[in-house]
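Side-chain atoms are counted along with the backbone in the values below, which use heavy atoms only and exclude waters and symmetry mates. Note that the structure is a prediction, hence the values are computed from the model and not measured.
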Amino acid sequence: MRYKIELNTKSYFINRFGKLSISYLFYQMQDIAWEHASILGFGYDNLKKEHQFWVLSKLLVKIDRRPAWGEDFTLETWSRGTDGFFGYRDYNFTDKSGKNIICATSAWLVLDLQTKRIVRLSEFKDFPKYEESVFGENPAKVKPPKSEEELQFTPVLFNEIDINQHFNSGRYLERIIDSYDFDFHEQNELAEFEINFLKEGMPADKLAIKKQIQDNQNHLCSVVRESDGIDLIRARLVWRNRN
């Protein structure tokens, strides 16, 4: 079963270049995933009754182009089943002509609210069977960045905490994007990004961005927690020249 919604690129969806921002791209995928999971009977409220919750573990997004301010587009998603632990979900953003402009694949886990242990999705009744991804591959493990630069830690902010009282997944991506200066963004735009969500950020944390520039287009980043020095997420970014 596929689920699709029609969207318009509102003024608060866009970046300073008048295109759909990376954060709103992410939030729209997150929202449609919640909506579709509820329709399938595996949504937030369904899992809450069993003291369980969904967490996004891995995400791979490839961008041909982003919708412009005022542009209509369609976002489609579907569950492509489980291999036991991970629940996989794909996405297509299409323009008015039906052309795919953004594609993504993701891997999710269900955790027990009390123990934080992973719940096997193969035990869920009627959970969709596993199917191949739009890319022919699942999101992969991202390598940790290597850097000797001193990290600049800043506190978690009120608006960065979600309903589960953890650091919002999309806010990690915003912090990484904001770690690049204006001149860099004037010359470059994201063509692809892959993220591994590893640990939960909490309201009392202080976080920093670690960055490894492999070459002009390929970068590795992580969000590091000051208290224990661990990576909360790792990201692989592929940039291209802005036209």
Subject >> Heavy-atom check, side chain of K206 versus side chain of S227, under 4.5 Å >> reply: no
Original post:
Can you tell me how far CG of D162 sits from OG of S169, rounded to the nearest 0.5 angstrom?
Top reply: 6.5 Å
**OP:** State whether D95 and R65 are salt-bridged, where the test is any N-O pair (Lys NZ or Arg NE/NH1/NH2 against Asp/Glu carboxylate O) under 4.0 Å.
**Re:** yes
**OP:** Could you go through the side chain to side chain contact (heavy atoms under 4.5 Å, CB included) check for W69 and S11 one step at a time?
**Re:** CA-CA 6 Å; W69 183 14; S11 61; 3.6 Å; yes
Original post:
What residue among E76, E35, H36 forms side-chain hydrogen bond (donor to acceptor under 3.5 Å, both in side chains) with Y3?
Top reply: E35
**OP:** Consider only side-chain N and O atoms of E71 and T9, and report whether a donor and an acceptor are under 3.5 Å apart.
**Re:** no
**OP:** Step through it carefully: locate the ring centre of F17, locate the ring centre of H185, and say whether they are under 6.0 Å apart.
**Re:** no
Original post:
Can you tell me if CD on E137 sees more than 12 non-hydrogen neighbours from other groups inside 6.0 Å?
Top reply: yes
Subject >> Spacing of L109 atom CG and K58 atom NZ [to the nearest 0.5 Å] >> reply: 9.0 Å
Subject >> Centroid-centroid under 6.0 Å between Y44 and F53 rings >> reply: no
**OP:** Give a yes or no on whether a salt bridge exists between R240 and E189, defined as a side-chain N under 4.0 angstrom from a carboxylate O.
**Re:** yes
**OP:** Using a strict 4.0 Å threshold on nitrogen-to-oxygen distance, state whether D231 and R234 make a salt bridge.
**Re:** yes
**OP:** Report whether L60 and I176 are members of the same hydrophobic cluster (ILVMFWY, side-chain heavy atoms less than 4.5 Å apart, transitive linking).
**Re:** no
Subject >> is_close_aromatic(W239, F184), centroid dist under 6.0 Å >> reply: yes
Subject >> Flag for N92-T94: side-chain donor and acceptor within less than 3.5 Å >> reply: no
Original post:
In terms of side-chain geometry, is the basic nitrogen of E186 or R16 positioned less than 4.0 Å from the acidic oxygen of its partner?
Top reply: yes
Original post:
Looking at F93, does the NZ or CZ of K99 lie under 6.0 angstrom from its six-membered ring centre and within 45 degrees of the ring axis?
Top reply: no
Original post:
Just wondering, do S106 and D90 contact through their side chains at under 4.5 Å, heavy atoms?
Top reply: no
Subject >> Q212 and S147: CA distance, side-chain angles, deciding distance, side-chain hydrogen bond (donor to acceptor under 3.5 Å, both in side chains) verdict >> reply: CA-CA 6 Å; Q212 178 185 352; S147 174; over 6 Å; no
Original post:
Hey, quick one: are M1 and I32 part of the same hydrophobic cluster, counting side-chain heavy atoms closer than 4.5 Å, chains of contacts allowed?
Top reply: yes
Original post:
Under the side-chain hydrogen bond (donor to acceptor under 3.5 Å, both in side chains) criterion, do R175 and T154 qualify, and how do the steps go?
Top reply: CA-CA 11 Å; R175 285 211 175 198; T154 57; 3.0 Å; yes
**OP:** Check whether any side-chain heavy atom of F197 lies under 4.5 Å from a side-chain heavy atom of S57, and answer yes or no.
**Re:** no
Original post:
For the hydrophobic clusters of this structure (ILVMFWY residues joined by side-chain heavy atoms under 4.5 Å, transitively), does one cluster hold both W34 and L59?
Top reply: yes
Original post:
Should V110 and L47 be marked as a side chain to side chain contact (heavy atoms under 4.5 Å, CB included) after you check the CA-CA gap, both sets of side-chain angles, and the distance that decides it?
Top reply: CA-CA 9 Å; V110 170; L47 267 61; 3.7 Å; yes
Original post:
Around K199, counting heavy atoms of other residues, nucleotides and ligands shown, do more than 12 lie under 6.0 Å from its NZ?
Top reply: no
**OP:** Check whether any side-chain heavy atom of P67 lies under 4.5 Å from a side-chain heavy atom of I102, and answer yes or no.
**Re:** yes
Subject >> Test: K62 cationic atom under 6.0 Å from F135 six-membered ring centre, within 45° of axis >> reply: yes
Subject >> Cluster check I161, L207: I/L/V/M/F/W/Y, side chain < 4.5 angstrom >> reply: yes
**OP:** Find out whether the Lys NZ or Arg CZ of R236 is both under 6.0 angstrom from the six-membered ring centre of F193 and within 45° of the ring's axis.
**Re:** no
Original post:
Transitively linked via ILVMFWY side-chain contacts under 4.5 Å: F127 with L111?
Top reply: no
Subject >> N15 and Y24: CA distance, side-chain angles, deciding distance, side-chain hydrogen bond (donor to acceptor under 3.5 Å, both in side chains) verdict >> reply: CA-CA 9 Å; N15 59 20; Y24 270 98; over 6 Å; no
Original post:
Going through the distances and angles, do D228 and R225 end up as a salt bridge (Lys or Arg N to Asp or Glu O under 4.0 Å)?
Top reply: CA-CA 6 Å; D228 53 13; R225 181 163 57 199; 2.9 Å; yes
Original post:
Does N196 reach the side chain of I233, with side-chain heavy atoms less than 4.5 Å apart?
Top reply: no
**OP:** Would you tell me whether R80 and T105 have side-chain atoms, one donor and one acceptor, within less than 3.5 Å of each other?
**Re:** yes
Subject >> Approximate separation, where rounding is to 0.5 Å, of L75 CG and T77 OG1 >> reply: 7.0 Å
**OP:** Verify side chain to side chain contact (heavy atoms under 4.5 Å, CB included) between I14 and R66, making sure each step is shown before the conclusion.
**Re:** CA-CA 10 Å; I14 61 175; R66 306 188 208 178; over 6 Å; no
